[in-house]
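The model shown is predicted, which means the values in this text are computed figures rather than measured ones. All chains are named by letter (A, B, ...) in the order of the sequence lines, taking the proteins before the strands, and each is independently numbered beginning at 1.
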Amino acid sequence: MKKIKSRRKVREPRFCFKTLSEVDVLDDGYKWRKYGQKVVKNTQHPRSYYRCTQDNCRVKKRVERLAEDPRMVITTYEGRHAHSPSHDTEESQAASNAQLNSDFFW
DNA sequence: CGTATTTGACCTGCGC
DNA sequence: GCGCAGGTCAAATACG
């Protein structure tokens, strides 16, 4: 441990999506592995940190639950996917709920 | 047996 | 300069 360069000088843009779902893990076609959980002051619920476990994908996803709406969660994607999702048959009902993102227009 | 998941501890950055 | 908050990583355990 001689020279520890800063974590990441380059910050990738993060995409915030408000999704109405009762589950934290929304199967959007990618596989996510939870690597941490921390509680935020602004909310009374803990925030979950997920990371893409795909081969060519190190995208990070952060799921926060709203205190005002426990049934609604904010899914923040950090980075960009480098592979194609599993858009095969149906993306579960989660994808259907994901269409409720009318506040944000990416 | 392998992978995914969980909790705790540690580190870094920013604010005052 | 110090304190606080947020974020990340590691090890252990459980389940398939």
Side-chain angles (χ1 to χ4, degrees):
Chain A
M1 275 192 231
K2 311 301 194 311
K3 38 166 67 171
I4 180 164
K5 40 182 80 168
S6 311
R7 270 276 119 130
R8 294 282 180 190
K9 44 174 38 176
V10 289
R11 229 156 271 178
E12 289 158 74
R14 44 199 66 172
F15 303 88
C16 307
F17 284 101
K18 284 142 66 175
T19 312
L20 178 62
S21 185
E22 327 173 14
V23 286
D24 291 319
V25 52
L26 298 167
D27 195 36
D28 45 11
Y30 304 99
K31 286 296 180 290
W32 303 97
R33 164 223 177 216
K34 185 188 283 182
Y35 75 90
Q37 192 173 356
K38 233 359 201 318
V39 59
V40 197
K41 281 175 153 27
N42 290 306
T43 56
Q44 59 185 85
H45 302 290
R47 180 184 281 172
S48 305
Y49 299 90
Y50 291 90
R51 215 165 177 181
C52 194
T53 175
Q54 290 304 319
D55 190 34
N56 277 60
C57 201
R58 32 267 216 200
V59 183
K60 286 182 284 201
K61 178 168 110 180
R62 139 181 356 177
V63 178
E64 183 181 326
R65 202 171 284 275
L66 293 184
E68 303 173 29
D69 294 285
R71 63 190 68 186
M72 188 171 269
V73 295
I74 295 185
T75 309
T76 306
Y77 287 87
E78 196 171 314
R80 190 83 168 175
H81 287 284
H83 64 94
S84 305
S86 301
H87 267 221
D88 213 305
T89 47
E90 49 203 291
E91 308 94 51
S92 300
Q93 70 265 5
S96 300
N97 297 328
Q99 294 176 35
L100 296 169
N101 315 315
S102 49
D103 267 271
F104 284 82
F105 50 92
W106 293 104

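- The minimum heavy-atom distance linking C52(A) with Y30(A) is given by the pair SG-CB, 4.4 Å.
- Remark: K60(A) is in phosphate contact with dT8(C), judged by side-chain N or O atoms under 4.0 Å from OP1 or OP2.
- Looking at every heavy atom in both residues, V39(A) comes nearest to H45(A) through CG2-O, 4.3 Å.
- Residues R47(A) and V63(A) approach most closely at CG-O, 3.5 Å, considering heavy atoms.
- Looking at K60(A), K34(A), R33(A), Q37(A) one by one, the single match for side-chain contact (heavy atoms from CB on, under 4.5 Å) with Y50(A) turns out to be K34(A).
- In this structure, the side chains of T53(A) and Y35(A) stay at 4.5 Å or more apart for every pair of heavy atoms.
- Distances shorter than 4.0 Å separate some side-chain N or O of R47(A) from OP1 or OP2 on dG7(C).
- Going from atom CZ of R51(A) over to atom P of dG7(C) covers 14 Å, rounded to whole Å.
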I'd like a list of close polar pairs between nucleotides 3-8 of chain B and the protein, N/O only, cut-off under 3.5 Å.
unit_1 : atom_1 : unit_2 : atom_2 : d
dT6(B) : OP1    : K34(A) : NZ     : 3.4
dT6(B) : OP2    : K34(A) : NZ     : 3.1
dT7(B) : OP2    : Q37(A) : OE1    : 3.4

